[in-house]
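Everything on this sheet refers to the single structure shown next.
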There are 2 protein chains.
Amino acid sequence: MRQPTMRDVAKAAGVSPATVSRVVNDERYIRPETRAAVERAIAELGFHRNEIARTLRPGQAANTVALVIEDPGNPFWSAIIRGAEQIARRHRHMLVVGSTGQDYDQERDLLRDLVRRRVDGLLVVPTAHDHVDLHHELAGRVPMVFIDRVPPGVPADSVVLDSFGGAQRAAAHLISAGYRRIAYLGGDPAVHTGAARQAGYRQALADAGLPCDPALISLGNHTVEDAARSAAALLTAPVNADAVFADNNRICVGVLHAAAAHGEVGIAGFDDVELVDLLPRPVALITYDAVELGRQAATLLFDRIGGSTADVRRLVLPTTLVHRGRRS
Amino acid sequence: MRQPTMRDVAKAAGVSPATVSRVVNDERYIRPETRAAVERAIAELGFHRNEIARTLRPGQAANTVALVIEDPGNPFWSAIIRGAEQIARRHRHMLVVGSTGQDYDQERDLLRDLVRRRVDGLLVVPTAHDHVDLHHELAGRVPMVFIDRVPPGVPADSVVLDSFGGAQRAAAHLISAGYRRIAYLGGDPAVHTGAARQAGYRQALADAGLPCDPALISLGNHTVEDAARSAAALLTAPVNADAVFADNNRICVGVLHAAAAHGEVGIAGFDDVELVDLLPRPVALITYDAVELGRQAATLLFDRIGGSTADVRRLVLPTTLVHRGRRS
DNA sequence: AACTTCTCTGTATACGTTCTCAGAAACTCA
DNA sequence: TGAGTTTCTGAGAACGTATACAGAGAAGTT
């Protein structure tokens, strides 16, 4: 399956490879008959310019940016893909999506591989682990924008959500609805958003003068099933929580499953979740524009690729508290 | 931001570029001190081998396969991504994901771009339009496997779901539950799965001796909102459907929204949908292993990349009818 | 008519890597 | 000690493309 080259096209059209290159790049100064002959040869042979070889020339960009996320199955990340893709397309760049599955080794391999392939820029959701040295090293070699989480001390742009504010508002809502024993269900405590959201939750409790019972805090819930198990435990004796704040959409789904077996339970969560509005119970959710998150990050990236040397920028996107679900 | 090259490393280590290449590729016959010197220089300069240049050499594969899907936001496609990625990783290949958004022009541009970048193979969910010539042309140049939809007449492997059988079973279930005016809500009628599912639905009606009222058929529902509007119309006069079969997960969500405003409505749908099991109404769903779909397709692809010249293979994955939701 | 400018095309080189070839040094075995 | 083998390294040629340079012919200008 060897692909035809410009040399093959040149031979077929009876011209030099340089002329073929000129036709392909639509340059001036080509006799119409020559152009026609070359185009005929291209069509006949089914020639596709080898973009790999083209990129090798100095000054030729790969016209590719990469997005490294955790799991494309989560609607949060896939919305970011859509946003980033919109902007990449606008800049006539190809978007390569890779996923890490929360595994640092995979993130490292993937990022190295992308740099080796000389992508023009990287959009990265770092895994939890603080291997700042890798990010630091790469940030110096290729334009890079961090999404949702910011490795401390790495000089690169970033776009995150207002995790603290959102969580604080969600918890405050539960308090004002009369709940007093509000549990917090989180994922990996090393993830920065988790820390920020837990802090917001604590702040809301403190603002209301409520004590923060450590028994109400559950961390390390990585899957829907983890969260369902943890929530079930928290909602029964001896903890007896009367409400739950879910750190993210996966955890929220797990909590909803667990809560189905209980009566009155206050539920709030970070991230929007589809179909929650049809559930027979009220649920408060912190929502935001995830597509915009991807767009903003990509916009920052292309600004850097374009040569911007502005100071490091840290965007924080606002969140909104919405009320889903219905009183049954 | 020029990246250091092997030449730079060679100069820094006081050896020739060939020796650097040998160290990087971990070849035999290198003096330990030489190796150490080169490795020191690599670390010092932060050298990353240029994979682009490497791929240019004849016989060197890009070690990249691409997956072209419609929309990464739909859990159906993202599950396929996961499956394909598992297999790609196992074969030490990078997986590039591109999306077409159901737009044929984008699919064409994307596929051309991928071929130009000399990916080793393509996993493609073709858009609805029957531009078979493009697929035919590309299938001759690069190993290709079609997922979920099969362009007619293109000599390439494919993996699809048992759409006909699944739809038939779902419709038969609604009939056996006593419903008689069962509506069919579909998307783009040019999509092959849609045609197969509608055929399965009609077969079930025919098997039960039920007439097939054209007023019960609604096509062209591309979004959740489209489906909700269509379903609302079908469930009221003059059509007065008493049940709905939803062609895919997006449509099913729309139907669920519309049905919330009605009393007793029989609902069945193709694809699984999260949280449906917590809804206060029974819903029958046709489920399957979407991750396995991606795995099977990638496995076929790597088999071809490995040089297999077996006859064209067409895998059909089975589906299961499950009962979600609860009687309220 | 001589000169300049414009149009068109080919030759040759470079991009960063791998790999063949070849040569030098060190080791083995008679 | 001499011939053969193994270990190590460098020079140089590709891979497919883009481009600087040069050159030739045509057209325009003085």
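These figures come from a predicted structure and were not determined experimentally. Just so it is clear: chains get the letters A, B, ... in the order the sequence lines come, proteins before strands, and each one is counted from 1.
- The nearest whole Å value for the distance from the NE2 atom in B:H48 to the P atom in C:dT17 is 12 Å.
- The base of D:dG10 is paired with the side chain of B:R22 by a donor and an acceptor separated by under 3.5 Å.
- At whole-Å resolution of the value, CZ in B:R35 and P in D:dC8 are 10 Å apart.
- Look at B:D157 and B:R314 and you find no salt bridge, because none of the NZ, NE, NH1 or NH2 atoms lies under 4.0 Å from a carboxylate O.
- Comparing C:dG16, D:dT7, C:dC19 against the side chain of A:L56 picks out C:dG16 as the nearest.
- In this structure, the CG atom of A:D26 is 13 Å from the P atom of C:dC8, given to the nearest Å.
- The aromatic rings of B:H135 and B:F146 sit perpendicular to each other, their planes meeting at more than 60°, with 30° as the lower class boundary.
- Taking side-chain N and O atoms only, B:Y29 has no distance below 4.0 Å to OP1 or OP2 of D:dC8.
- Between A:E27 atom CD and C:dT9 atom C1' there is a gap of 12 Å when expressed in whole angstrom units.
- Crowding of A:N25 atom CG: a count of heavy atoms from other residues, nucleotides or ligands under 6.0 Å exceeding 12.
- Taking the side chain of A:F47 as heavy atoms from C-beta on, and the options D:dT17, C:dT17, C:dG10, the nearest nucleotide is D:dT17.
- Ion pair A:E33/A:R35 not flagged as a salt bridge, since none of the NZ, NE, NH1 or NH2 atoms sits closer than 4.0 Å to an Asp/Glu carboxylate oxygen.
- Out of D:dT9, C:dG16, D:dA18, the shortest distance to the side chain of A:M6 is found at D:dA18.
- Using a 4.0 Å cut-off, no side-chain N or O of B:T5 falls inside it from OP1 or OP2 of C:dG16.
- Proximity of B:R118 to the phosphate of D:dG16: no side-chain N or O atom is located under 4.0 Å from OP1 or OP2.
- Contact check, B:S21 against C:dT17: no side-chain N or O comes under 4.0 Å of OP1 or OP2.
- Computed from coordinates, the B:E51 CD to C:dT17 P distance equals 10 Å when rounded to whole Å.
- Between A:T34 and C:dT9 there is a side-chain polar atom (N or O) within less than 4.0 angstrom of OP1 or OP2.
- A donor-acceptor pair under 3.5 Å links the side-chain atoms of B:D8 to the main chain of B:T5, judged by distance alone.
- Within the structure, a side-chain polar atom (N or O) of B:T19 is placed less than 4.0 Å from OP1 or OP2 of D:dG10.
- The CD-P distance, from B:E33 to C:dA25, rounds to 17 Å in whole Å.
- Neither OP1 nor OP2 of D:dC15 sits under 4.0 Å from any side-chain N or O of A:N50.
- In this model, a donor atom of one side chain and an acceptor atom of the other lie less than 3.5 Å apart for A:Q86 and A:R295.
- A:R57 comes within 4.0 angstrom of a base, heavy atoms only.
- Taking the side chain of A:V15 as heavy atoms from C-beta on, and the options D:dT7, C:dG10, D:dA18, the nearest nucleotide is C:dG10.
- Side-chain N/O atoms of A:Q60 include one lying less than 4.0 angstrom from OP1 or OP2 on D:dT19.
- Between A:R31 and C:dT9, a side-chain N or O to OP1/OP2 separation shorter than 4.0 Å is present.
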